[in-house]
Structures are given as structure tokens and as C-alpha cells.
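In what follows, a single structure is set out as C-alpha cells and then discussed.
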Protein chains: 2
Amino acid sequence: MSILIDPQLDLQSVRIVRAIADTGTITGAARMLGYSQPAVSQHLQRTESRLGLPLVTRVGRTVRLTEAGQVLARHALTITSALDAASGDLADLAGLRTGSVRLAAFPTASSTIVPRLLALMAKDHPGILVNYIEAQPPEAVALLREGSVDLAITFGYPGDRSDPHRESANGLRMELLFTEEMVVVLAADHPLASGPVIDVASLADERWIAGCPRCRGHLLAVCELAGFTPAIAFETDNASAVLNMVASGLGVAMLPRLALATATLPPGAVIRAHTPTSKRSIHLLANEGARRVPSLAATSELLHGLDGSDWGLVTR
Amino acid sequence: MSILIDPQLDLQSVRIVRAIADTGTITGAARMLGYSQPAVSQHLQRTESRLGLPLVTRVGRTVRLTEAGQVLARHALTITSALDAASGDLADLAGLRTGSVRLAAFPTASSTIVPRLLALMAKDHPGILVNYIEAQPPEAVALLREGSVDLAITFGYPGDRSDPHRESANGLRMELLFTEEMVVVLAADHPLASGPVIDVASLADERWIAGCPRCRGHLLAVCELAGFTPAIAFETDNASAVLNMVASGLGVAMLPRLALATATLPPGAVIRAHTPTSKRSIHLLANEGARRVPSLAATSELLHGLDGSDWGLVTR
DNA sequence: GGAACCGATAACATCGCGCTATGAGTATTC
DNA sequence: GAATACTCATAGCGCGATGTTATCGGTTCC
């Protein structure tokens, strides 16, 4: 289990001895390795003095391996093939022939963005294994920070003061993947459902159904801007539940467009734009330096190229 | 079969990544490897930029291996153990636990010096394999020159102009092992057999039995010095044959003392010193640089320590 | 909020390691 | 047997890789 390698035995020596074994001359070895003849000659002498053993003896005008040289030459193949195997594996990683990506994304993405990504990955880079974990943005960031995950897909709201650009510092890099509009969900028989666009202020007296904590935070911010504090009657991060509660007349809600792609809109609910309009952005978070890891760079590139317009996502 | 190793992957990187995998921090890795923390940090950055792949990511105040880093760490054990195996084998050679010696010696030594040497080698360095070839001095030198043999035990005569010191140039090294006297062999009933010392000149009219070519050359030189040219009736390099021929009254002979150790003196022959006295020397020849090869140095040392006085050899 | 720990960076010194030019010894050639 | 060509060794040189210490920013823990 000793990690101590004899510092007196370096790769160059092994390569040189092997080349001499192959060609029979120092000059030939030098040519094979792309060095000048004196370079090989001197290196050999240095190695011999380090080892305290001659590796070659002069015979005639050429050179012949001593017993020690022959021993080294015999080991050379093993050593070089072990190194070749290692650098081959590294080349596979660099060439995207192998590799793995550990990805975290928020729940709504699990049934929209992520499946589409995985299909693309399987097609373009079949050798790369993707490991997916569902996590809300804060947890996803934590996983990223502790190194349990390589990439995190998160969302954020413009005024959000918890992650927008503060994450880009501290070694984390944030890239914008999509933006999407928030929409208001009303019961189909709601009086305001007749108009195409709804003033949020006109919903001041409604009962609200809120989503996840961060979504609730955004709702509060929007309503505050409109001059009121919403009465939140229910909370659930299940979009389908929200839609059905609205359809049942339990209240109104504000959802991102993407959430609507995960659930079928029940007959009793309608979707409307609102003013002042509000948006949500979807980010890709990665450790600084992920760009240099081929598998992560490839995943990132595919994500950036993804078309989410059928879900109401805007690429930019 | 490519010998080309990715020059972008060096041992240091492998060691560092492995140390980081073990300790979890760069500082710890630096301590483990005996470097300063910035050294490891910078080396890591260089390697990453060479590879085009990050190997670590900062997490909290420590550091974590990326997938590439983990791959490299997994390979690290294989690579280091391959190197450890190589340097272990080299250490065995250096420590005389393994190794081989290819030895050539002249025929008479085969049944005298060499067996004694082999016994000592087996006792002192049981891990070292000795490969022995019998060869007359000229052939032994040729074998040495062409690299087929590591050590050669030869003999030479003082006036011999073929190998005494000319060999010490040209990359061959010659060391004196023993000297021995030449003796005259007479039939027991020979008139001169009664005296203890024989004047060579008094043997001018005898028929001579000569040995190997070089021995014959020496005989000619000695006789020339005594003022005559010997009549050579027979030639054989088999000492036992010579002795029996002399015992049968076919002639007289001059043999080295060592030759007498290889054959029992038949009753009909006697040995006498002669004047002017002549000597033969026994050498160890080796390629320059053999002193630095442990197995050859050990063999040489045992040879120099050998006691051949019971064969009439003089150590010096 | 302060102390301790970790990693990154800056500035700097050194020496490993490559190069070219050249010399000495060996094999091949006519 | 001299001329030629080839191989290895040496000298001299330059540069860049790879260490070092000092210091700073950021994180964790009490």
C-alpha cells in the first residue's frame, strides 16, 4: 500500500530503455522518441547513476542492454500499458464517450425540461450517464455546494433577493435558460374571466391559493406592488391541485406557464395574463469550472439549445 | 504496440491525484509526498491544463476529485504497482538477490577454478545464476567482445604479445588472478629426472609434446631463449594425454602447474622445475563497467579471494 | 467575530533536460 | 589499407519545468 515510488525511476527512463530494446541503438531510440541522440545518451547516464546500475554496455559501435536494462525493458510494456489505459480513459471522458452528470432540478422541470434533455443526451451522447434528483431550488443549490450534484436547474423571480446574482459569486455560475410569464388562474365563471388581461389590483379581495414558499413570496411581492396583501387560503406546490381548487371556486392563483404543462387544465378553470406582468426565470447553476468538464459542458449546451416554446418558455 | 505515451500524463500527476484521493486535501497530499502545498497546487493546475480536463473542484474549503480525477486515482494503483514491481526487480539485482553471470574459462579451469567458484557463489549468492562456457582464451575474448559472455578467465605468458595489456584498452579490463610456474615433465627413467632442477638447454635434443597453440608458442619462446628450436613430435591440449605420453617415453613436455591438478600423474612420469624458470598468469577479463554490475562485481570479488595454493597457484 | 485551516497566487531560484557542435572509436567500403 | 559512414560520448549552452517562501481570500468552527 506504499504510495512511495522510487523517485529514481521515471517514465522517460522506461520509455528510453524500451526504445533501446526495440531498436538496439541509442540513436534509433532517440529517433523513435523524437529526441536528439545526446539527449537520450545523457538521460541514460543520469538514470544509471541514480540507480547505481548500468543499463547498457557498449558492444562494438552499438549498445546492448545489461541484465538490469533487460529487466526494465520487460517491465516497460506493463508500465506503459497501464498509463495508456489511464490516458485512454481520460480521453474517453474528454471525447464524451464516457462520463456522468448528476443533475438536480425543481419538480415542475421533472416532467418537462428534464425528460426532453435526457432524450437528447441519450441520442447525442449515449455513453454519458445522467443521474437525476428532484429538488427545490434552495436544496438544489445546497446539493451543488456540497458536491452531491454537478448541475442544478432552478427558477427565480426578478426581485428575489435570495439567489439571483448572489450565487454567481462564491464559485457558482448561473446561466439563464428560459424566461416565462406568470399567469393568473380563475374559475371559468369568475366575473373577470371574460377579459383577456386582468389587473392584479382587481384581485385584492380574492382568496388566493399559493404554491411553494418561493412562489408565495413572489405572489406577495406582486400584490404588494399592486397595493394589497393577498389573503392566502391554501398552499400547495402541486400545480394540478391548484388548478382543481381554482376550478372548484376555492380561490384564484398565480402560476408559471411551465406549471400548466404538467397538469391538464380542468374545464372549470381559465388562464389569463395579468398586469403588471410578471415573469419567472429558469436558470442553470453549475460549479465554476463545470464548463471545462466535457460531460457537463455538453449537458449545458443541450440545455441552452432546448426549445421550450410549446410550454410557454422563452429562450434567451 | 504504440510506445508513444501521452506526454501529458506524468508520474507526478498520478502520484498527486492518488494522494489527494487518500487525504482529501491538497495540503495533505503535499505532506504525504513531501512537497509544499503550492507545489502540488501548481502541478495540479499544469496537469489539468495539459489534459484539458479539471481533476479537482473546490468544495467548501477542501477539494474534491472530479470524475476525471477519480478515474486517474483508480488507475494510480495499477501504475504505481507496475513501477514498484520494476524497481523491486532492479533492487533485487542491486542487492544480489537475483542476477546472472555468463562466464567463460579455459579448459583446465573448468575442473579447478570454476567449480570452486561456483560452490562459493552458490553459498554466498544463491540467487545468482551462473552460466558457464568453456573456451580457450582467444575465443573467450571474442565471446566477451561480442557480448555473449560477461566474464572470461584466461591465461597468458609474460612475453605473449597477443593479449597481455592490449586487452585492457578498447573497453576491456584485465585483472591478474593468479600466477603459476611452468614445470617440465619427464619420464621417470629419464637421465635428468634425478636432479631437482632442469636446465631447459639440456633438453635441446629431446622430442617434445606440445599443448594448445598458445602453450606451444610459449614453449617455442622458452626454448629460443635457451638457444634451440624444440622438435615437436605431438600436440594435444589434453594434459592427461600429455602425461601418459611422457610416461610412455614418447618425449618430454612443459605444462603449467594447474594442468597437473586436472590429471593424476602416471607412475612413469615425474615433474621437475626448470631454469630459466617461466611462469604463466591467469587473468580475469571483463567488459569495462562490469564492476558496476553487482552480480559481476560479486563474482569478481570471489574469484580474487580464491585460494589456489593447493593447485600450485600463487595469489597476487 | 476571531482563530485556524485550506487553496490560489505572486515572485523568485534552480536545475533538470533538451539542443547543437564536435570528438573518438568501430565497421564497411573500394 | 585508407576513406567513409555510423554510433556513442562530451562540452557548452539555454530555457522552461518545477520547486521554494510569502501572502491573500475564503471557509469552518468555536
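Below, all heavy atoms of this structure are taken into account, side chains as well, without hydrogens, waters or symmetry copies. Throughout, protein chains are lettered first and strands after them, A, B, ... in sequence-line order, and every chain is numbered starting at 1.
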Would you list the protein and nucleotides 3-5 of chain C atom pairs, both N or O, that sit under 3.5 Å from each other?
{"residue": "dC5(C)", "atom": "O2", "partner": "Arg61(B)", "partner atom": "NH1", "Å": "3.3"}

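Distance, Arg31(B) CZ to dG19(D) P: 18 Å, rounded to whole Å. In this structure, Glu288(B) atom CD and dT26(C) atom P are separated by 13 Å, rounded to whole Å. Between Ile16(A) atom CD1 and dG18(C) atom P the separation is 7 Å, expressed in whole Å. The nearest whole Å value for the distance from the CG atom in Leu172(A) to the C1' atom in dT27(D) is 14 Å. Look at CD1 on Ile26(A): it is 15 Å from P on dT26(C), rounded to the nearest Å. For the pair Gln37(B) CD and dT23(D) P, the computed distance is 15 Å after rounding to whole Å. If you measure from atom CG of Leu65(A) to atom P of dC8(D), you get 12 Å, rounded to the nearest angstrom. Rounded to an integer number of Å, the gap from CG of Asn287(B) to C1' of dC8(D) is 14 Å.
With DNA chain C read from its 5' end, the first of the two nearest nucleotides for Arg58(A) and Tyr35(A) is the one closest to Tyr35(A).
The aromatic rings of His218(A) and Tyr157(A) lie parallel to each other, with less than 30° between the two planes, well short of the 60° mark.
Checked by atom type, the side-chain pair His304(B)/Glu175(B) shows a donor-acceptor distance below 3.5 Å.
Here the straight-line distance linking atom NE2 of His43(B) with atom CG of Leu33(B) works out to 10.0 Å at 0.5 Å rounding.
Near-neighbour residues of DNA chain C inside residues 38-47 of chain A, defined by a heavy atom below 4.0 Å, number-ordered: Pro38(A), Ala39(A), Gln42(A), His43(A), Arg46(A).
Backbone-only contact: Thr27(B) has heavy atoms under 4.0 Å from sugar-phosphate atoms and none from a base.
Salt-bridge check for Glu48(A) with Arg46(A): failed, with every basic side-chain N at 4.0 Å or more from each acidic carboxylate O. Electrostatic pairing of Asp10(A) and Arg50(A) counts as a salt bridge here, judged by a charged N lying under 4.0 Å from a carboxylate O.
By the side chain to side chain contact (heavy atoms under 4.5 Å, CB included) test, Ala86(B) is found to be paired with Leu9(A), Leu72(A), His75(A), Ile79(A), residues two or more places apart in sequence or in another chain being considered.
Looking at every heavy atom in both residues, Leu144(A) comes nearest to Val149(A) through CD1-O, 3.3 Å. Between Pro107(A) and Glu134(A), the shortest heavy-atom distance links the atoms CA-CD, 3.5 Å.
Thr62(B) has no side-chain polar atom (N or O) that falls below the 4.0 Å cut-off from OP1 or OP2 of dC6(C). At least one side-chain nitrogen or oxygen of Gln12(B) sits closer than 4.0 Å to the OP1 or OP2 atom of dG19(D). Residue Thr25(B) places no side-chain N or O under 4.0 Å from the OP1 or OP2 atom of dC6(C).
Remark: of the listed residues Arg291(A), Arg173(A), Arg102(A), Arg145(A), Arg102(A) is the sole one forming a salt bridge (charged side-chain N to carboxylate O under 4.0 Å, His left out) with Asp150(A).
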